Each structure stands twice: as C-alpha cells, then as structure tokens.
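Source: prediction; values computed, not measured. Convention: sequence-line order gives letters A, B, ...; per-chain numbering from 1.
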Amino acid sequence: MQFKEATKYRTNYCGTLSAEDVGSRVTVSGWVAKRREHGEHLAFVDLRDYTGIIQCVVDGSVDVRSEYVLSVTGTLSKRPEGTVNDKISTGEVELTDCEVEIISNSDTPPVPLDEYSYSEESARLKYRYIDIRNPRMQRNLRLRSAMNASLRQSMIEQGFVEVETPLLWTPTPEGAREFVVPSRRQVGSFYALPQSPQIAKQLLMVGGVDRYFQIARCLRDEDLRADRQFEFTQLDIEASFVDEIDVMGFISKALKKTVSDLLGIEDIDIEKITWLESMRSYGVDKPDLRYDLKIHDISEYFKDTEVNALKAESVQAIVVKGGAEFSRKRLDDLVKRAIELGAKGLLWLKVVPDGESISFDSPISKFLKEKDILGFKESLNLSASDLVLVISGQWRASVEVLGAIRSELGKELYLNSEAKGNNRELKFVWVTEFPLFDGLDDSGNPISAHHPFTMPHSQDLDLLETEPLKVRSSAYDLVCNGWELGSGSIRIHSREIQEKVFKSLGLSIQEAQEKFGFLLDAFKYGAPPHGGFAIGLDRLVALIAGEDSIREVIAFPKTQSGADLMTGAPGEISGLLMRELGIKFSKELHGGQRVKSEKEAFS
RNA sequence: GGACCUGUAGUGCAGCCUGGAGUGCACGUCGGCCUGUCAAGCCGAAGGUCGCGGGUUCAAAUCCCGUCAGGUCCGCCA
C-alpha cells in the first residue's frame with residue numbers, strides 16, 4: 001500500500017502494519033471495529049481504517065464502543081507465542097502500551113459493519129455514510145477510482161483530449177425522456193440535462209478537436225433497474241478520420257489496460273459477432289458467452305409437419321443438457337414464463353433412453369411422426385437426459401423469447417451452480433452490423449435503432465429507399481456477460497446521406513432543421529468523417545467487482561422508484577422559487593405517466 | 001402502466017399454509033464477572049404500532065381487500 005505522509009493523527013495505516021517495523025512507536029486513527037474486555041486489567045480494541053484492522057492492547061479497561069473514532073499511539077510489537085491471528089493481514093503484530101484518544105463517540109450503528117452481517121439494502125441506503133465504511137463499499141469505490149484513472153491514462157496515451165461539455169443543454173426531441181431544468185431568465189423555457197454528450201462531441205469533431213474523451217455523467221428519466229440509474233457515467237469518446245475498426249481498437253486498448261491494471265488479467269480476449277449471428281444463436285443483441293446453450297434453427301425439418309404446434313414460419317430450439325430431470329412443475333413454470341414473454345407457448349421434450357436409441361417424453365409425443373423425431377435427432381445431436389425446449393412462430397419473436405429463457409437457465413445452471421467459478425469470468429464481445437432501423441412507428445416510419453446520425457453500412461446504401469428495415473448500420477455494441485456495456489457508431493458527415501436517412505425516418509428537411517439545426521449547420525462548414533463510442537462505467541466496474549447491481553458501485557444511488565433514502569430526494573421547493581421560475585403545479589395533470597402525444601398532453 | 005417476491009425488537013430471521021396472550025432464535029445493546037482475546041467467554045436484563053388502513057371472526061402477525069415502502073422482471077431506456 002502506498003504510504004502517505006504522516007499527519008498529526010496518523011503515522012501509519014492500520015492494515016499495513018507488519019512484523020518488519022516491530023519496535024517503532026506508531027500512531028493510527030480509525031473506527032472501533034470490536035472491543036474485547038477482560039476485566040479491569042486488559043482490553044483489546046480492533047481499530048479499523050480502509051486498509052484493514054490492527055489490534056490495540058490496552059492495560060486496563062477502556063470506555064469505547066463500536067464505531068467510536070480513535071487515535072491510538074502505541075508500540076508495534078510481535079504478538080506473544082500462540083496468539084497470532086492469521087485471519088487478518090496484521091495478525092502477527094499488535095500495538096502495546098497504547099495511548100488512546102477518543103476523537104468522536106458513536107451511537108450503536110443501525111446497520112452492522114462486520115463481515116458476517118448483511119443488512120437489507122434499504123437500511124444500507126438510508127445510512128449510506130455508515131455502509132460506505134464497509135470493506136465491500138470501500139473496495140468498490142476504490143476499484144472505481146482506479147478504473148477511471150486507468151481509462152483516463154489510456155485515452156491520453158492514445159492522443160485523446162479531455163473536454164467537458166455542458167450539463168445544461170437544449171432539449172432534444174429524440175431518445176430517452178429528459179430531465180429538465182426550468183430557466184429563470186426565460187420563463188417558460190427549459191434546459192435539458194443531457195442523455196449523453198452525443199451532439200456536443202460531434203460538434204467538437206467539427207471543431208477540429210480530433211480525438212475527444214470525457215468521463216461524462218448522462219441523465220435519463222426512465223425507469224430504474226439493477227443495471228440502470230437515472231444518472232450514470234460513461235467513458236465517452238469521439239475521433240475524426242477513423243472507421244469502425246479504429247474506434248473498436250481505441251476502446252479495446254483502454255479496456256485491456258483497465259482489466260490488466262485492476263484484475264491482473266493480461267490481454268483479455270474480445271470476441272466479435274454480427275448482430276444477426278447474435279440474434280440467431282442467442283436471441284439477444286447482448287449475448288452472455290459464459291455458457292453455450294445456443295439456439296438452433298430447426299425450421300427446415302418441420303416444413304410439412306402435421307403437429308400443429310410446429311407449423312410455423314420458424315421453429316427454434318435450445319438443448320438443456322441434463323434437463324430431462326426437471327420436474328413437471330419446473331417445466332410448467334418455463335411454459336408460463338415463455339407465455340409471459342410473449343410466446344404462444346413452449347414445447348418441451350425430455351430425451352429418454354430407448355434401448356440402444358433415444359425417444360421423447362413430451363406432451364406432444366403421441367403426435368410426433370417418425371420424420372419429426374428424425375428431425376429433432378438429426379439437427380440437435382441429442383443424447384439421453386437432454387431436454388429440448390422449442391418455440392415456433394415468427395423468427396424474431398421466437399428467438400427473443402428463447403433468448404430470454406436461455407439467459408435465465410444459463411444463470412441458474414452454469415453460473416449459480418457449483419460451477420460458480422464461471423461467474424467471475426469476463427466474456428467481452430463486440431456485436432457489429434446492427435440494423436439501422438428497428439421496427440416502424442405508429443405512422444409507419446422506421447425508428448432509428450441507434451440515433452439518426454448513424455452511418456448506414458456502405459454496402460446497404462442502395463436499400464435506404466427500397467427496403468430500409470434491411471439496412472445495416474455502422475453501429476456496434478460492446479457486451480460483457482450479457483450486459484450491454486456500451487455502443488458507438490461511425491456518424492454521417494455527408495449532407496446527402498443525412499438527408500436520405502432523415503427521409504427514411506419520415507422527417508422533412510424543415511423538421512430536421514428544427515430539431516437538429518445547429519448540428520446540420522455545423523456540418524456545412526467542413527465536417528470530418530468521425531465516429532465514437534461510450535462505455536457505461538457503472539456497469540463495467542460492477543462486472544469487474546463481481547457485483548450484480550450497479551448500486552453497489554455508486555456512492556449514493558437511488559432506489560427503483562427514484563428516491564434517495566438518505567436525503568429524501570426528490571424534495572419540494574418553495575413557492576417563492578416556483579413563482580420565480582414561473583411554475584405552477586397541478587395535481588390533475590398526468591403525473592408520471594407516459595404521455596404519448598401533444599394532444600394527450602394538453603387534453 | 002403491469003407481473004412476482006419481501007416487510008415481525010437496533011440488525012438478520014423463524015412463526016403465517018392449518019387464526020387462540022407478542023411465541024421464539026441468533027447478533028447487537030445495557031449491567032455484572034473475567035489478565036491473551038480476536039465473530040472472546042459466562043451470568044443477567046432491557047428492547048415490539050408484527051409497514052399502514054379497512055374487512056371477516058368470539059378472537060388476526062396469521063385469512064380477505066386496499067395502500068405504502070424495498071427488490072427482481074416486462075413495458076420503457078434514440
């Protein structure tokens with residue numbers, strides 16, 4: 001541990017004291033982790049700081065309690081024979097002849113801090129300042145700081161320049177719901193807190209910054225999850241005169257350095273698959289590659305089947321090794337889950353031994369014809385005790401439902417089982433060639449999958465006007481263990497292509513001008529080809545720390561309903577302030593519910 | 001907006017299905033004893049709006065309805 005200069009309160013950190021320095025007089029400060037009294041002649045006080053714990057031996061009783069803040073000066077001594085504690089880093093030594101100064105006392109903490117206790121998250125969040133003393137939070141926050149330092153260093157080494165962009169930006173019509181800030185100087189107008197510095201960084205490219213990065217806070221007023229908070233942090237980058245390969249290279253390099261610096265894992269492997277491959281094999285655009293459990297397209301074997309449930313545009317299956325032992329209830333739950341996820345149903349077939357061969361135990365067994373059975377066997381390479389899960393219907397919907405089931409089964413069978421070692425593995429993958437558009441809106445216009453400035457794939461430009469939904473883009477995601485870590489793209493720098501894309505989106509030039517005028521104007525004055533990326537740092541550090549929720553790597557996170565249990569936020573503001581801002585609150589208005597149109601908003 | 005899980009002492013839980021006095025466990029807290037403990041030990045004590053509101057019942061922590069809070073997920077997150 002890196003020793004800092006001594007202060008009045010401290011010559012050393014608790015957890016760093018070792019047998020090497022025995023004999024010296026040291027001063028440590030920290031919190032009382034434990035006190036053990038042995039009558040009036042002897043007491044032990046375990047003092048804790050973020051580096052660890054040191055045992056202080058006090059001759060006589062000492063009036064301290066858990067979480068009192070002490071400064072202790074004592075002689076670093078070897079522990080007597082037979083009293084070494086090998087559970088702590090300082091277990092060979094202790095402080096003797098202690099002078100104890102009580103700096104602060106403490107009430108009994110409402111959340112216990114020892115490693116054997118676990119409190120409910122709501123209690124931890126209400127008393128976050130105590131919870132942060134916990135070694136787990138200390139480790140996570142320090143890991144995060146080290147990650148930021150490592151990424152920042154890597155970006156600077158790669159010629160990037162750190163530029164700060166405004167938090168008070170102008171409202172942008174597309175994308176996530178924005179947090180807004182009322183303007184006092186122009187009553188009735190609002191700033192918006194940025195969903196990301198997307199447009200700002202593109203303007204920096206026009207400005208000749210060449211390579212920009214920022215550890216940027218992004219804000220989106222959308223519902224919260226284990227991996228989503230209102231505000232989150234991204235390593236945001238943008239570079240000029242680059243293509244996809246270059247951008248992925250910058251990020252890969254930074255990522256490899258960070259994983260090496262933080263975990264000591266050198267040169268991690270980052271796989272690469274296209275969006276289409278990912279959807280086909282995993283049913284999601286953020287595949288978890290820690291386990292196989294791939295989706296198989298078995299449509300061709302059931303073209304002329306007589307089984308009603310298999311008559312469909314597509315038939316997709318996953319094979320669960322050893323799944324034949326699932327109970328009936330378990331299988332019913334899977335069917336229920338599939339229906340909940342939007343499938344019409346889910347077929348299951350247990351593979352059971354049948355003499356030398358195998359046969360199926362399934363609700364549809366008696367409807368299966370010889371050639372159906374052959375189809376399953378040939379295409380899926382089955383063996384006894386397997387379980388086959390089948391969904392039929394439209395291709396996209398089928399693989400998506402199966403993909404969701406795959407990920408739930410994968411977590412249970414491969415990550416939380418005895419093979420839990422897998423859990424700490426990091427499987428990074430680039431997902432490339434995302435479609436440019438994702439579905440149609442209510443007026444029948446395509447919807448941007450990424451954002452409207454994403455460059456279409458060079459081979460698909462001709463399809464823009466004819467078959468827009470088939471157009472691939474230059475957008476790519478970075479995925480790790482089933483988490484979307486970030487995304488990026490090459491941007492359109494040609495007015496001609498930009499106009500074509502707007503046209504496909506159903507936006508007239510005038511509308512586009514109204515919405516993104518300042519960006520389009522900027523592009524009139526010499527826009528370099530450029531592209532960029534953003535990695536979600538809350539998610540990255542959670543993965544590195546082995547945490548399932550990003551709340552564990554954020555000092556003061558909010559609950560799922562968007563509350564801060566410690567401060568009580570969101571809170572009310574004074575009537576005075578509201579008047580200054582020209583704001584009036586009306587309980588009759590929709591209050592939190594999604595409002596889909598201007599008409600609805602003012603009805 | 002929707003589905004599911006959870007809410008009992010400062011903390012973590014059991015009790016709930018099958019209603020019968022706040023019945024209980026562990027940690028912590030407080031007091032006493034204790035000169036080598038280390039999740040110290042031994043003895044004793046205090047500590048409860050069973051989230052909140054309503055209903056059913058002779059009787060509700062327990063059953064029913066509503067509501068609030070926390071969590072997981074769907075929708076949402078260009």
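In this structure, the CD atom of E121(A) is 16 Å from the P atom of A69(B), given to the nearest Å. Atom NZ of K336(A) is separated from atom P of C73(B) by 18 Å (rounded to the nearest Å). G36(B) atom P lies 7 Å from atom CG of L42(A), rounded to whole Å. Remark: P of G70(B) and CG of L125(A) are 9 Å apart, rounded to the nearest angstrom. Straight-line distance from the CG atom of D564(A) to the C1' atom of A69(B): 15 Å, rounded to whole Å. We find that CG of D223(A) is positioned 10 Å from P of C77(B), with the value rounded to whole Å.
At a cut-off of 3.5 angstrom, the base of U35(B) holds no donor-acceptor pair with the side chain of E40(A). Between the base of C77(B) and the side chain of R228(A) there is a donor-acceptor pair shorter than 3.5 Å. Judged by distance alone, with hydrogens and angles left aside, R220(A) brings no side-chain donor or acceptor close enough to the base of C76(B) to form a pair under 3.5 Å.
In this structure, A14(B) and U23(B) make a Watson-Crick or G-U wobble pair, each of the two defining distances being under 3.5 angstrom. Across all strands shown, nothing is found opposite U37(B) as a Watson-Crick or G-U wobble partner with both distances under 3.5 Å. The partner of U62(B), taking Watson-Crick or G-U wobble pairs whose two distances both stay under 3.5 Å, does not exist in any strand shown. Look at G75(B): it lacks any Watson-Crick or wobble partner with both distances under 3.5 angstrom. Applying the Watson-Crick and G-U wobble criteria (two distances, each under 3.5 Å), G44(B) pairs with C30(B).
The aromatic rings of F516(A) and F502(A) lie parallel to each other, with less than 30° between the two planes, well short of the 60° mark. Between Y414(A) and Y291(A), the ring planes lie parallel to each other; the angle is under 30°, not in the 30° to 60° tilted range. Y476(A) and F533(A) have parallel rings, their planes meeting at less than 30° on a 0 to 90° scale where 60° marks the start of perpendicular.
Between K126(A) and G70(B) there is no side-chain polar atom (N or O) within less than 4.0 angstrom of OP1 or OP2. A close approach under 4.0 Å does not occur between any side-chain nitrogen or oxygen of R35(A) and OP1 or OP2 of A39(B). At C30(B), one or more side-chain N or O atoms of R65(A) fall inside 4.0 Å of OP1 or OP2 (strictly under the cut-off). Of the side-chain N and O atoms in K87(A), none sit less than 4.0 angstrom from OP1 or OP2 of C38(B). At the phosphate of G70(B), OP1 or OP2 sits under 4.0 Å from a side-chain N or O atom of S561(A). Applying the 4.0 Å criterion to OP1 and OP2 of A69(B), one finds that S122(A) has every side-chain N and O outside that range. For U35(B), neither phosphate oxygen OP1 nor OP2 lies less than 4.0 angstrom from any side-chain nitrogen or oxygen of R36(A).
Looking only at side-chain heavy atoms (C-beta outward), R177(A) and R220(A) stay at 4.5 Å or farther from each other.
Between the side chain of S398(A) and the backbone N or O of Q394(A) there is at least one donor-acceptor pair closer than 3.5 Å.
In this model, a donor atom of one side chain and an acceptor atom of the other lie less than 3.5 Å apart for D521(A) and Q513(A).
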What does the B/S/- profile of nucleotides 3-11 of chain B look like, 5' to 3', with a 4.0 Å heavy-atom cutoff to protein?
-------SS
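No contact: I88(A) has no heavy atom under 4.0 Å from any strand. Base engagement by E94(A) is indicated by at least one non-hydrogen atom pair under 4.0 Å involving a base atom. Within the 4.0 angstrom heavy-atom criterion, no nucleotide atom of any strand lies near R124(A).
Ion pairing of K515(A) with E511(A) is absent here, as no side-chain N (NZ or NE/NH1/NH2) approaches a carboxylate O to less than 4.0 Å. Salt-bridge formation is not detected for the pair E121(A)/R128(A): no Lys NZ or Arg NE/NH1/NH2 atom is positioned less than 4.0 Å from an Asp or Glu carboxylate oxygen.
Distance check, rounded to the nearest 0.5 Å: OG of S473(A) to NE2 of H451(A) gives 9.5 Å.
Where L224(A) and H451(A) each meet RNA chain B at their nearest nucleotide, the meeting point lying more 5' is that of L224(A). Between V57(A) and A449(A), the residue anchored closer to the 5' end of RNA chain B is V57(A), taking for each the nucleotide with the nearest heavy atom.
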